[in-house]
Asker: 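The following block contains the structure, expressed as C-alpha cells.
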Amino acid sequence: MRLPIVYYSQFGHIHRMAEAEAERARSVPGTEVVLRRVPETLPQEVLEKTGAAQFQKEFSKVPVCTPRELTEFDAIIFGTPTRFGNMCGQMRQFFDATGGIWKAGALVGKVGSVFTSSGTQHGSQESTILSVHTTLPTSA
Ligand SMILES: Cc1cc2nc3c(=O)[nH]c(=O)nc-3n(C[C@H](O)[C@H](O)[C@H](O)COP(=O)(O)O)c2cc1C
C-alpha cells in the first residue's frame, strides 16, 4: 500500500507529528509511506517576522504535493494545525485546487484520515478534524 502524509506546518509541530505517524505506518508490512507538504500561501515577510521561516527550514526538503499526485495513492493522511477551530488556509487552498480530480471521481474508494494540533488543550481540535471530514466524503 502507498500512503502519503500530506500536511501543512508553520512552526514544526504538525511536521513532527507527521514524522511520528510515518514511522508507525512504516512498521506495517507492505506499506510505503511518503511525506508531502501542501504549498505555502503566507508571504515570505510574514514567515520571517513570525519566526516560521526558521522552523520551516527543518522540513523544506519535503516535496510539495500536487492534487494529481493524490490519485497515485491507496490511502491519504492529512495533517493541519488548528486555525480558529478550522483547518489552516493552506490546506483549504490545496483542497480547493482538487476540482479536476474531484470531477473525475479519481479519489473515490480511497481511505482518508486527519490529524491536527492546537496551541491549547481542547483548542478546537475536534472542529478542525470535522472541517476536514466535511471535505473528504465530497472529494471522494
Ligand atoms: C492564526 C492562528 C490561529 C490559531 N487558532 C488556534 C485555535 O483556535 N486554538 C488553538 O488551540 N490554537 C490555535 N492556534 C495555534 C496553532 O494551532 C498551534 O500552535 C499548532 O500546533 C501549530 O502547528 P504548527 O507548528 O505545525 O504550525 C492558532 C495559530 C494561529 C497562527
Side-chain angles (χ1 to χ4, degrees):
M1 181 173 75
R2 295 195 71 217
L3 171 72
I5 299 176
V6 181
Y7 67 94
Y8 174 77
S9 184
Q10 188 170 355
F11 299 108
H13 298 86
I14 288 288
H15 168 67
R16 291 196 182 163
M17 289 174 74
E19 283 189 318
E21 297 212 7
E23 187 184 335
R24 185 71 181 154
R26 284 189 187 109
S27 71
V28 179
T31 306
E32 181 197 337
V33 186
V34 295
L35 294 185
R36 292 288 184 272
R37 294 181 292 136
V38 299
E40 180 58 89
T41 59
L42 288 174
Q44 189 61 29
E45 185 188 359
V46 173
L47 296 174
E48 300 285 351
K49 280 187 175 165
T50 59
Q54 191 62 29
F55 285 107
Q56 290 184 343
K57 277 183 191 161
E58 187 189 331
F59 45 93
S60 61
K61 286 197 173 68
V62 174
V64 173
C65 195
T66 63
R68 179 64 50 192
E69 194 181 7
L70 295 179
T71 65
E72 300 167 10
F73 299 104
D74 304 299
I76 307 164
I77 298 176
F78 294 98
T80 170
T82 288
R83 292 287 184 267
F84 311 117
N86 215 312
M87 75 176 88
C88 64
Q90 290 83 354
M91 189 60 76
R92 180 75 265 162
Q93 182 81 14
F94 180 75
F95 282 132
D96 287 359
T98 61
I101 56 175
W102 165 69
K103 199 173 173 195
L107 300 182
V108 172
K110 296 184 191 295
V111 175
S113 186
V114 191
F115 66 95
T116 189
S117 71
S118 58
T120 58
Q121 206 173 18
H122 304 299
S124 301
Q125 296 167 5
E126 297 89 345
S127 58
T128 299
I129 287 172
L130 281 171
S131 75
V132 182
H133 280 190
T134 307
T135 300
L136 297 188
T138 50
S139 60

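Whatever order the structure lists them in is the order used to number ligands and atoms, beginning at 1. Atoms considered below: every heavy atom in the structure, side chains included; atoms not considered: hydrogens, waters and symmetry mates.
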Asker: If we count only N and O atoms by modelled type, under 3.5 Å, do the side chains of Thr116 and Thr128 hold a donor and an acceptor together?
Answerer: no
Asker: Checking side-chain polar atoms at under 3.5 Å, does Arg83 have a donor or acceptor matched by the opposite partner on Gln10?
Answerer: yes
Asker: Under 6.0 Å between the ring centres of Phe78 and Phe95?
Answerer: yes
Asker: Identify, with sequence neighbours excluded, every residue that meets side-chain hydrogen bond (donor to acceptor under 3.5 Å, both in side chains) alongside Arg24.
Answerer: none
Asker: Among pairs that include at least one residue of residues 51-67, which meet side-chain hydrogen bond (donor to acceptor under 3.5 Å, both in side chains), considering only residues two or more places apart or in two chains?
Answerer: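 Residue pairs with at least one partner in residues 51-67: Arg16-Glu58, Glu40-Gln56, Gln54-Lys57.
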Asker: Checking Asp96 now: which residues fulfil salt bridge (Lys or Arg N to Asp or Glu O under 4.0 Å) with it, not counting sequence neighbours?
Answerer: Arg92
Asker: Would you mind listing each N/O atom of ligand 1 next to any protein N/O under 3.5 Å, plus the distance?
Answerer:
| unit_1 | atom_1 | unit_2 | atom_2 | d |
| --- | --- | --- | --- | --- |
| ligand 1 | 5 (N) | Phe84 | N | 2.9 |
| ligand 1 | 8 (O) | Phe84 | N | 3.2 |
| ligand 1 | 8 (O) | Gly85 | N | 3.4 |
| ligand 1 | 9 (N) | Gly123 | O | 2.9 |
| ligand 1 | 11 (O) | Gly119 | N | 3.1 |
| ligand 1 | 11 (O) | Thr120 | N | 3.0 |
| ligand 1 | 11 (O) | Thr120 | OG1 | 2.9 |
| ligand 1 | 11 (O) | Gly123 | O | 3.4 |
| ligand 1 | 12 (N) | Gly119 | N | 3.0 |
| ligand 1 | 17 (O) | Thr82 | N | 3.4 |
| ligand 1 | 17 (O) | Thr82 | O | 2.7 |
| ligand 1 | 21 (O) | Ser117 | OG | 2.6 |
| ligand 1 | 25 (O) | Phe11 | N | 3.2 |
| ligand 1 | 25 (O) | Gly12 | N | 3.2 |
| ligand 1 | 25 (O) | His13 | N | 3.0 |
| ligand 1 | 25 (O) | His13 | ND1 | 2.6 |
| ligand 1 | 26 (O) | Ser9 | OG | 2.6 |
| ligand 1 | 26 (O) | His13 | N | 3.3 |
| ligand 1 | 26 (O) | Ile14 | N | 2.8 |
| ligand 1 | 27 (O) | Gln10 | N | 2.7 |
| ligand 1 | 27 (O) | Phe11 | N | 2.9 |

